[in-house]
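Read through the structure below, which is laid out as structure tokens, and then see the notes.
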Amino acid sequence: MRLSLSCLVLMLGACTYQAQVPIVDGTSLANVGGRQSGQYAALVQTGGWDMKTEVVGNACSAHTYQADLNGSWDQAMRSALSSALEKVDFVPSLPPADQMRERGYDAELGLTQSNASSRLTISPKFWTAAATAETKLEGILTIQYPDGTRQQEPLQGQGSTTNDVSSCGDVKPIEQSSALAIKDLVQRAVITTKLLLAQKKAN
């Protein structure tokens with residue numbers, strides 16, 4: 001495997017590989033404590049994560065890896081919120097606090113992206129290699145209410161997977177670890193959202 005990977009680098013030179021992160025269904029991630037009553041406006045940010053993968057070790061280190069997380073994140077978060085909340089409108093921008101009551105919203109939710117990082121460790125075997133990908137995603141949940149009060153919590157999701165690969169261009173481990181990180185982040189976001197909304201309602 002050491003020889004074949006080295007030859008691949010020599011023949012092709014440095015390449016950039018693009019990982020296509022599979023769609024994550026967020027519906028099943030929202031079934032915690034029942035649906036939260038009320039009407040909400042929600043902004044799910046995309047385009048804030050520019051994730052490039054750090055390659056650990058010499059094997060495949062000449063190559064670069066990128067992953068587009070936005071489509072999977074957007075669908076997962078929207079489907080999760082739609083299942084977790086009684087009624088939610090997805091908006092391109094959040095209305096001012098003084099307009100929330102006029103529009104019938106009990107609160108507005110902002111889910112923004114902050115940091116994204118990924119590591120790929122390749123351990124050569126005899127004919128193949130074991131590739132371990134680790135993805136870490138960070139975001140921020142902000143909830144604003146008609147009375148002007150705000151709640152804000154950092155969010156973090158992680159995913160890790162190991163697969164046998166036969167070439168440096170096999171991006172399956174990165175795709176899988178990224179999907180797991182999105183799943184983890186979305187589930188944490190939904191749990192935190194429902195907890196904060198319930199706390200506000202109880203006060």
Side-chain angles (χ1 to χ4, degrees), residues 20-51 67-118 134-160 175-203:
Q20 300 298 325
V21 181
I23 295 298
V24 174
D25 182 10
T27 304
S28 62
L29 306 177
N31 299 326
V32 180
R35 181 169 285 188
Q36 181 72 33
S37 62
Q39 182 174 348
Y40 306 93
L43 169 64
V44 180
Q45 181 199 11
T46 59
W49 285 329
D50 181 19
M51 189 181 80
D68 184 359
L69 307 160
N70 291 292
S72 182
W73 152 258
D74 187 55
Q75 181 162 326
M77 197 69 255
R78 287 172 180 257
S79 58
L81 289 176
S82 296
S83 296
L85 306 175
E86 181 181 7
K87 186 174 181 181
V88 56
D89 296 329
F90 295 99
V91 296
S93 61
L94 294 173
D98 58 1
Q99 295 182 17
M100 271 194 275
R101 292 191 191 279
E102 298 174 11
R103 302 188 186 189
Y105 293 131
D106 296 289
E108 55 186 27
L109 319 174
L111 292 130
T112 56
Q113 302 166 322
S114 52
N115 300 314
S117 60
S118 180
E134 302 167 279
T135 302
K136 180 179 178 181
L137 303 175
E138 296 178 354
I140 299 172
L141 166 66
T142 303
I143 305 179
Q144 182 162 296
Y145 299 91
D147 63 6
T149 58
R150 291 163 58 96
Q151 297 168 312
Q152 192 171 82
E153 290 289 336
L155 301 170
Q156 187 179 106
Q158 298 185 30
S160 177
E175 294 173 342
Q176 291 181 342
S177 69
S178 297
L180 289 173
I182 289 173
K183 182 177 180 180
D184 187 30
L185 181 63
V186 169
Q187 187 166 45
R188 291 173 187 272
V190 170
I191 292 173
T192 303
T193 297
K194 295 172 77 171
L195 177 62
L196 292 178
L197 291 173
Q199 288 176 346
K200 177 66 176 179
K201 188 176 182 180
N203 292 337

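This chain uses plain numbering: 1 for the first residue, then up along the sequence.
- Judged by distance alone, with hydrogens and angles left aside, the side-chain atoms of Ser79 form a donor-acceptor pair with the main-chain N or O of Ala76 at under 3.5 Å.
- In this structure, the side chains of Asp184 and Gln156 stay at 4.5 Å or more apart for every pair of heavy atoms.
- Closest non-hydrogen pair, Gln20 versus Glu175, comes out as N-OE2, 3.0 Å.
- Defined by atom type and a distance below 3.5 Å, a donor-acceptor pair is missing between the side-chain atoms of Gln151 and Glu153.
- Looking at heavy atoms from C-beta onward, Asp147 lies in side-chain contact with Lys200 at the 4.5 angstrom threshold.
- In this structure, the side chains of Asp89 and Gln39 come closer than 4.5 Å at one or more pairs of heavy atoms.
- Checked against salt bridge (Lys or Arg N to Asp or Glu O under 4.0 Å), Glu138 has the following partners two or more places apart in sequence or in another chain: Lys136.
- Residues Leu197 and Lys201 fail the side-chain proximity criterion, which asks for heavy atoms closer than 4.5 Å.
- With contacts defined as side-chain heavy-atom distances shorter than 4.5 Å, the pair Arg188/Leu141 does not qualify.
- At least one side-chain heavy atom of Leu81 sits under 4.5 Å from a side-chain heavy atom of Phe90.
- A search for side chain to side chain contact (heavy atoms under 4.5 Å, CB included) contacts involving Leu195 returns Gln199, not counting sequence neighbours.
- For Gln75, the side chain to side chain contact (heavy atoms under 4.5 Å, CB included) criterion is met by Ile23, not counting sequence neighbours.
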Table please: side-chain donor-acceptor pairs of residues 94-101 below 3.5 Å, with sequence neighbours left out.
{"from": "Gln99", "atom 1": "OE1", "to": "Arg103", "atom 2": "NH2", "distance (Å)": "2.7"}

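- The shortest non-hydrogen separation linking Ser160 to Leu180 is O-CD1, 3.6 Å.
- The shortest side-chain heavy-atom distance between Val186 and Leu29 falls under the 4.5 Å cut-off.
- Of all heavy-atom pairs between Pro92 and Leu43, the closest is O-CD1, 3.4 Å.
- For the atom pair CD (Glu134) and OG (Ser177), the distance works out to 8.0 Å, reported to the nearest 0.5 Å.
- Between atom CG of residue Leu155 and atom CG of residue Leu185 there is a gap of 5.5 Å, rounded to the nearest 0.5 Å.
- In this view, Gln152 and Thr142 satisfy the side chain to side chain donor-acceptor pair (under 3.5 Å) rule, not counting sequence neighbours.
- In this structure, Pro146 and Asp106 approach most closely via the heavy-atom pair CD-O, 3.2 Å.
- For Ser72, there are no side chain to side chain donor-acceptor pair (under 3.5 Å) partners, not counting sequence neighbours.
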